[in-house]
> 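To start, I am sharing the structure in question, which I have written as structure tokens.
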Amino acid sequence: MYERDGRIGRITLNRPEVMNAIDGDLPQELAEAVMRADRDREVHVMVLSGAGKAFCAGYDLGEYAESAGPNAGVQEMPWDPMQDYQFMWANTQAFMSLFRAMKPVICKVHGFAVAGGSDIALCADLTIMSDEARIGYMPARVWGCPTTAMWVYRLGPEKAKRMMFTGDKITGREAAEMGLVLKSVPEDQLDAEVEGLAARMASVPINQLAMQKMVINQAMEATINQTQRLATVFDGITRHSPEGLNFKARAEEIGWKEAVRERDTGSFDWTGNRPFEPEG
């Protein structure tokens, strides 16, 4: 959803009934809203947020994991890697419209920005979270590789590995301390913090904002395309690996919420497709 408010273009992820989970339409709708704001000569800065209880809970696993049979995210075997790549690369580039837009984007995160939702939040120029909001890429445990690869560009290799090797979720406060996001504030101060920064930026001429963003992004663009292509290929592999297929079968069997709980707590052996046996 897009609207202009003076010099601010407001973009809202608007599937609150599923915590703005990503379906087949959301990525392109996001890119179209970014394009509208970028073309509007009255808009100086964009503010991206999510309707309802969270910013974005990631891909809609009810659609992609729990539903029986093949879908856009999981093909029948043998699978076609290039078909999967085409699907996920389009989504990745839609998320990257935030990064590549001429005008700066502030992302406001409350509730959750997890899995594919973290991809979206980290493509923004500046991300501000509430202290107790959660961000993480839990599919790093099984069934995903962050296709935008923005974790390493924001954190550096060691801290990015810490997040990807565990799939942990961290609070906004921890994310700010780690340097993943600009800052975190108490939830009742989140709106005011974002609005104050947006108003300050909106007082700068568009051409000045665009030049500063272009210069800073250039430092990342030398490698980001190659990194994202590799990550997008690997994301498809994770969903079609033996462990990835076991995860989907488990989600079909017991529902995606319980399958995710087993994945995120480490209580299931996806290689053997069985619960971990207690030791002793």
Side-chain angles (χ1 to χ4, degrees), residues 18 21-24 27 56-93 95 112 114-120 122 134-152 157 160-170 226-280:
V18 288
I22 302 164
D23 63 0
C56 181
Y59 277 86
D60 190 338
L61 296 188
E63 179 174 338
Y64 292 113
E66 189 175 274
S67 60
N71 57 60
V74 184
Q75 302 172 36
E76 292 182 338
M77 300 298 282
W79 68 295
D80 182 346
M82 290 299 97
Q83 178 181 323
D84 187 275
Y85 176 83
Q86 183 180 38
F87 166 64
M88 285 307 301
W89 185 249
N91 286 0
T92 301
Q93 295 314 296
F95 302 156
F112 294 95
V114 293
S118 68
D119 274 323
I120 297 174
L122 298 180
R134 296 292 194 275
I135 188 168
Y137 195 87
M138 304 87 75
R141 300 185 62 84
V142 69
W143 228 61
C145 178
T147 61
T148 66
M150 294 304 289
W151 291 85
V152 68
K161 288 175 182 177
R162 178 262 181 271
M163 295 302 298
M164 293 301 101
F165 291 167
T166 63
D168 286 345
K169 296 189 296 289
I170 58 175
Q226 299 95 307
T227 305
Q228 288 179 344
R229 288 188 184 276
L230 181 64
T232 302
V233 170
F234 280 177
D235 186 62
I237 292 173
T238 67
R239 282 176 276 109
H240 296 87
S241 68
E243 297 82 1
L245 294 175
N246 286 342
F247 176 81
K248 185 174 190 307
R250 188 70 170 164
E252 291 181 20
E253 177 187 357
I254 63 175
W256 70 264
K257 291 184 178 179
E258 182 62 18
V260 164
R261 187 197 66 78
E262 291 179 339
R263 178 192 68 188
D264 296 352
T265 59
S267 61
F268 199 82
D269 177 5
W270 301 104
T271 303
N273 198 23
R274 63 182 184 274
F276 274 117
E277 299 292 336
E279 294 184 3

> For the residue pair Tyr137 and Val114, establish whether any side-chain heavy-atom pair is separated by less than 4.5 Å.
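No, too far: nothing below the 4.5 Å cut-off.
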> Distance from Tyr85 atom OH to Ile237 atom CD1, nearest 0.5 Å?
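It comes to 12.5 Å.
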> Quick check: do Pro139 and Arg263 have side-chain heavy atoms less than 4.5 Å from each other?
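In contact.
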> To check you understand the geometry: which heavy-atom pair defines the closest contact between Ala231 and Pro146, and what is its length?
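Nearest pair, atom of Ala231 first, then Pro146: CB-O, 3.6 Å.
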> First locate atom CD of Glu253, then atom CD of Glu258, and finally report the distance between them rounded to the nearest 0.5 Å.
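Interatomic distance, Glu253 CD to Glu258 CD, rounded to 0.5 Å: 10.5 Å.
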> Side chains of Tyr59 and Asp23: is there a donor and an acceptor less than 3.5 Å apart?
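On atom types as modelled, these side chains do not qualify, holding no pair under 3.5 Å.
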> Can you give me the closest heavy-atom contact between Thr92 and Thr232, atom names plus distance?
OG1-OG1, 3.7 Å
> Would you name the heavy atoms of Trp270 and Arg250 that are closest together and state the gap between them?
CZ3-CB, 3.7 Å
> Would you name the heavy atoms of Gly144 and Thr238 that are closest together and state the gap between them?
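Residues Gly144 and Thr238, closest heavy atoms: N-OG1, 3.0 Å.
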> Could you tell me which residues satisfy side-chain hydrogen bond (donor to acceptor under 3.5 Å, both in side chains) with Asn246, sequence neighbours excluded, listed by chain and number?
none
> Hey, mind stepping through Asp84 and His240 against side chain to side chain contact (heavy atoms under 4.5 Å, CB included) and telling me if it holds?
CA-CA 10 Å; Asp84 187 275; His240 296 87; 3.5 Å; yes
> What residue among Tyr64, Trp143, Phe268 forms ring pair (Phe, Tyr, Trp, His ring centres under 6.0 Å) with Phe247?
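So, applying the ring pair (Phe, Tyr, Trp, His ring centres under 6.0 Å) to Phe247 and each of Tyr64, Trp143, Phe268, only Trp143 qualifies.
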> What's the spacing between Arg141 CZ and Met164 CE if we round to 0.5 Å?
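So the gap between those two atoms works out to 12.0 Å.
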> Flag the pair Lys248 / Asn71 as yes when at least one side-chain heavy-atom distance between them is below 4.5 Å, and no otherwise.
yes
> Looking at Phe234, I'd like to know if its CZ atom is crowded, meaning that more than 12 non-hydrogen atoms belonging to other residues, nucleotides or ligands lie closer than 6.0 Å.
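Not more than 12 within 6.0 Å, no.
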> With distance as the sole test, does Arg239 use its side chain to make a donor-acceptor pair with the main-chain N or O of Gly73 at under 3.5 Å?
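Answer holds: yes.
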> Is it the case that atom CD in Glu76 sees more than 12 heavy atoms from other parts of the structure closer than 6.0 Å?
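Counting neighbours around CD of Glu76, 12 or fewer heavy atoms of other residues, nucleotides or ligands fall under 6.0 Å, so no.
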> Would you say that Cys56 contacts Ile22 through its side chain, given a criterion of any heavy-atom pair below 4.5 Å between the two side chains?
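Yes, side chains in contact.
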> Could you tell me whether a side-chain N or O of Gln75 sits under 3.5 Å from a main-chain N or O of Asp80, the two making a donor and an acceptor?
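Answer holds: yes.
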> Would a 4.5 Å heavy-atom cut-off, applied to side chains only, mark Asn91 and Thr147 as touching?
no
> Just how far is it from atom OG of Ser118 to atom CE of Met150, taken to the nearest 0.5 Å?
11.0 Å
> Any side-chain heavy atom of Met77 within less than 4.5 Å of one from Leu245?
yes
> Looking at every non-hydrogen atom in both residues, tell me the closest pair between Arg162 and Asp168 and how far apart they are.
NH1-OD2, 3.0 Å
> Calculate, to the nearest 0.5 Å, the distance between atoms NZ and CD belonging to Lys257 and Glu66 respectively.
9.0 Å
> What's the spacing between Met138 CE and Asp264 CG if we round to 0.5 Å?
5.0 Å
> Going by distance alone, is a donor N or O of one side chain under 3.5 Å from an acceptor N or O of the other, for Asp119 and Thr148?
yes
